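Taking it in order: structure first as structure tokens, then the write-up.
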Amino acid sequence: MMERRARLRQSRDVQRVYDKGSSWRHPLLVLIVRPNELGYSRVGVTASRSVGNAVQRNRAKRLLREAARHLYPEFETAGLDVMLIARPKLVTAREADVEEALAKLLKHAGL
RNA sequence: CAAGUCGGCCAGGCGGUCGCGUCCCGUGCGCGGGACGAGGAAAGUCCGGGCUCCAUAGGGUGUGGUGCUGGGUAAUUCCAGGUCGGGGCGACCUGACGGAAGAGGGCCACAGAAAAGGAGACAGCCGCGGAGAUCUCACUUGCCGCUAGGUGACCCGAUGAGUAUCCGCGGUGAUGGUGAAAAGGUGGUGUAAGAGACCACCGGCAUCCGUGGUGACACGGAUGGCCAGGUAACCCCCACCAGGAGCAAGGCCAAGCAAUGAGGGCGAGUCCUUGGACCUCCGGUCAAGGACGCGGGAUGACCCGUCCCGUUGAGCCCCGGGUAGGCUGCUAGAGAUGAUGGGCAACCAUCAUCCAAGAUAGAUGAUCGCCACCCCGAGGCGCACCAGCGACCUGGGGGGACAGAACCCGGCUUAUCGGCCGACUUGGGCU
RNA sequence: GCCCCCAUCGUCUAGUCUGGUCUAGGACACGGGCCUUUCAAGCCCGCGACAGGGGUUCGAAUCCCCUUGGGGGUA
């Protein structure tokens, strides 16, 4: 994943994004975005029980991180807190498909 | 060669590119380099322990667990060996059975006569008592007939017969049927009919003795009463074991609120002694101490007992406020590998060498190439009349499971594409 | 992560402790019929479940074990 400061790690940060952020959906994943005041962007990933067992949840989160790592330069300086939520179909997807889906969502979000 | 049994092992490999976590080194603080980085089940959380905190005079009653035997182990519901029962031709698998004649209670639906301490008579069989034929023969007699004979009446007599049958009383557990289960089996004696009522043999049980074994138990002998249903994964009895919670345990730091709280409610008292002050000087109020009682807490299931606190405030409930950040625990351990020795084995002892994940919105990933492995179908080549076969060659397509450490171990259970190795059994063939 | 609890017709439940009378009962829902001009209500009939597997027992929704799926608590 990216370096530590570019991750969303605190429970309160995640909760703030969930409460106040704007969301965009895709069959593979959901994107939630909220501006922060740090001058750089942070990314968090999550996968609920509905995605599958522990192996499948880890796999889903790794795919999301990998896609976010590749696209991070696109929005690094935008100063946003970004949450990526895995959906069940993500488990069977390829990394390139995930990256494409994330790019599409970021475009919709105006980045 | 075929079929099978048991045990062990692996969980594709190599190399690029881009990344992640921990530690170490260097640094121009931007970063660079190096080492290490999931499993056999990491899973389910079903057992057992370590570790941490809380508690810990004692006694009793419970609750939960275990249950052939002696070992192994830190410990177990685990493991290995033995014993017994069941299954299999066998290798082997599997189960527990402590106790139901050693305490007691409960339950055994339906069916069936009867379902549990010895009961019970539905049918059947038998005895006794009572009632009691049909029919046959003879006697008497009517009719028909020449005779032989036929047919009817009478209900006196005889026989089958006091029989069949019916009723009552009793005997019977052998037979039938019911059921998961009906109180040993076979043969005989016996009897009115029968019955372990008695006898012989067999099976099983109990007690005692002997031999072997640490023991469960096995083998042999004697005696006994003649035989005792199932269920304790129903209560229970016996023996043994178990204090409670869990790393979100626990410790430290920081931050923060009205700083264990400003509010509301509930909440257990009488007596005696002493003291001085006040009052309306009988007495009451106040302070200290004591007795009995009451309330609460600890003894983490309960009771007694013990200890502590409170009885103008212990404690409980409502309401309200704040933090949920960092460090530590955190990985060197019942540790791994090898050798030697002991033991049938599980396992143990000694020595040597080695250090091998520590994440915390939670690291071990993404992608590409090559080579192995498995499957599918195509072409060539070879064999073949065909069907087809092939361990050879060529180039394609597809597949690789179950699953992710979260304090750490030992087990169990469950999931799992496929592959390899070893030991053994049975059957067939060849030498 | 750890610790608990639960699972019965489409839904809510009774029965489970104390095994048999369970072919598993009830309510709502659903389907059909009667009634009504029609609808509703009412009456009658029907459909419909013991999460899965194994064991104990003559017999299991019930007792025991394993698995699966839900729910709750915990700084």
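What you are looking at is a predicted structure, and each value in this text was computed from that prediction instead of being measured. Proteins get letters first, then strands, A, B, ... in listed order; numbering begins at 1 in each. Atom set for the values below is all heavy atoms of this structure, side chains included, hydrogens, waters and symmetry mates excluded.
The CG-P distance, from Asn53(A) to G69(C), rounds to 10 Å in whole Å. Atom P of nucleotide G362(B) and atom CZ of Arg57(A) are separated by 13 Å, given to the nearest angstrom. Note: CZ (Arg69(A)) to P (A363(B)) measures 15 Å, nearest angstrom. Distance, His70(A) NE2 to G365(B) C1': 11 Å, rounded to whole Å. When the C1' atom of G404(B) is taken as reference, atom NZ of Lys61(A) falls 11 Å away, rounded to whole Å. G365(B) atom P lies 12 Å from atom CZ of Arg65(A), rounded to whole Å. Distance CG (Leu90(A)) to P (A366(B)): 12 Å, rounded to an integer number of Å. Atom CD of Gln56(A) is separated from atom P of A401(B) by 12 Å (rounded to the nearest Å).
Base pairing analysis places G26(B) opposite C31(B); the two distances defining the Watson-Crick or G-U wobble pair are each below 3.5 Å. When both pairing distances are held under 3.5 Å, C63(C) makes a Watson-Crick or G-U pair with G55(C). With a cut-off of 3.5 Å on both Watson-Crick or G-U wobble distances, the partner of U77(B) is given as none. Under the Watson-Crick or G-U wobble criterion, with both distances below 3.5 Å, U37(C) has no partner in any strand shown. Across every strand in view, G422(B) sits in a pair with C6(B) that passes the Watson-Crick or G-U test at under 3.5 angstrom. Under the Watson-Crick and G-U wobble criteria, each requiring two contacts below 3.5 Å, nucleotide A391(B) is left unpaired. Using N1 to N3 plus N6-O4 or O6-N4 for Watson-Crick, or N1-O2 and O6-N3 for G-U wobble, each under 3.5 Å, C327(B) pairs with G251(B). Pair assignment for G149(B) gives C144(B), based on Watson-Crick or G-U wobble hydrogen-bonding distances that are each under 3.5 Å.
Atom C1' of G65(B) sits at a distance of 14 Å from the matching atom of C64(C), rounded to the whole Å. For C68(B) and C307(B), the C1' atoms lie 48 Å apart once the distance is rounded to whole Å. Comparing the C1' positions of A232(B) and G19(C) gives an interatomic distance of 15 Å, to the nearest angstrom. Spacing between A258(B) and C330(B) at atom C1', rounded to whole Å, works out to 40 Å. Here the separation of C389(B) from G380(B), taken at their C1' atoms, is 16 Å to the nearest Å. Using C1' as the reference atom, U94(B) and A359(B) are 45 Å apart when rounded to the nearest Å. The separation of G329(B) from C53(B), taken at their C1' atoms, amounts to 13 Å, rounded to a whole angstrom. Atom P of A339(B) sits at a distance of 41 Å from the matching atom of U328(B), rounded to the whole Å.
Look at Asn58(A) and you won't find any side-chain N or O under 4.0 angstrom from OP1 or OP2 of G365(B). The side chain of Arg94(A) contributes no N or O atom lying less than 4.0 Å from OP1 or OP2 of G365(B).
Comparing Ala96(A) and Thr46(A) by the nucleotide of RNA chain B whose heavy atom lies nearest to each, the residue mapping closer to the 5' end is Thr46(A). Taking for each of Arg59(A) and Met83(A) the nucleotide of RNA chain B with the nearest heavy atom, the 5'-most of the two is the partner of Met83(A).
Within the nucleic acid shown, Glu95(A) comes within 4.0 Å of sugar-phosphate atoms alone, with no base atom in reach, counting heavy atoms only.
Under the 90° criterion around 0 for the glycosidic angle, G30(B) counts as syn. In this structure, G40(B) is classed as syn because its glycosidic torsion stays within 90° of zero. In U57(C) the base sits syn relative to the sugar, since the glycosidic angle is no further than 90° from 0. For U331(B), the base adopts the syn conformation, since its glycosidic angle falls within 90 degrees of zero. With its glycosidic angle within 90° of 0, A38(B) is assigned syn.
As a member of the Ile/Leu/Val/Met/Phe/Trp/Tyr network built from side-chain separations under 4.5 Å, Val55(A) groups with nothing else and remains a singleton.
Nearest nucleotide to the Arg62(A) side chain, out of A361(B), A403(B), U364(B): U364(B).
Looking at every heavy atom in both residues, Ser41(A) comes nearest to Phe75(A) through OG-O, 2.7 Å. Looking at every heavy atom in both residues, Ala103(A) comes nearest to Leu71(A) through N-CD1, 3.8 Å. Here the closest non-hydrogen pair linking Leu31(A) and Ala109(A) is CD2-CB, 4.2 Å.
Between Leu84(A) and Val43(A), the closest side-chain pair of non-hydrogen atoms falls below 4.5 Å. The closest side-chain heavy-atom distance from Thr46(A) to Val14(A) is not below 4.5 Å. The side-chain heavy atoms of Arg65(A) and Arg69(A), taken from C-beta on, include no pair separated by under 4.5 Å.
Applying the salt bridge (Lys or Arg N to Asp or Glu O under 4.0 Å) definition to pairs two or more places apart or across chains, those involving residues 81-99 of chain A are Arg16(A)-Asp81(A), Arg42(A)-Asp81(A).
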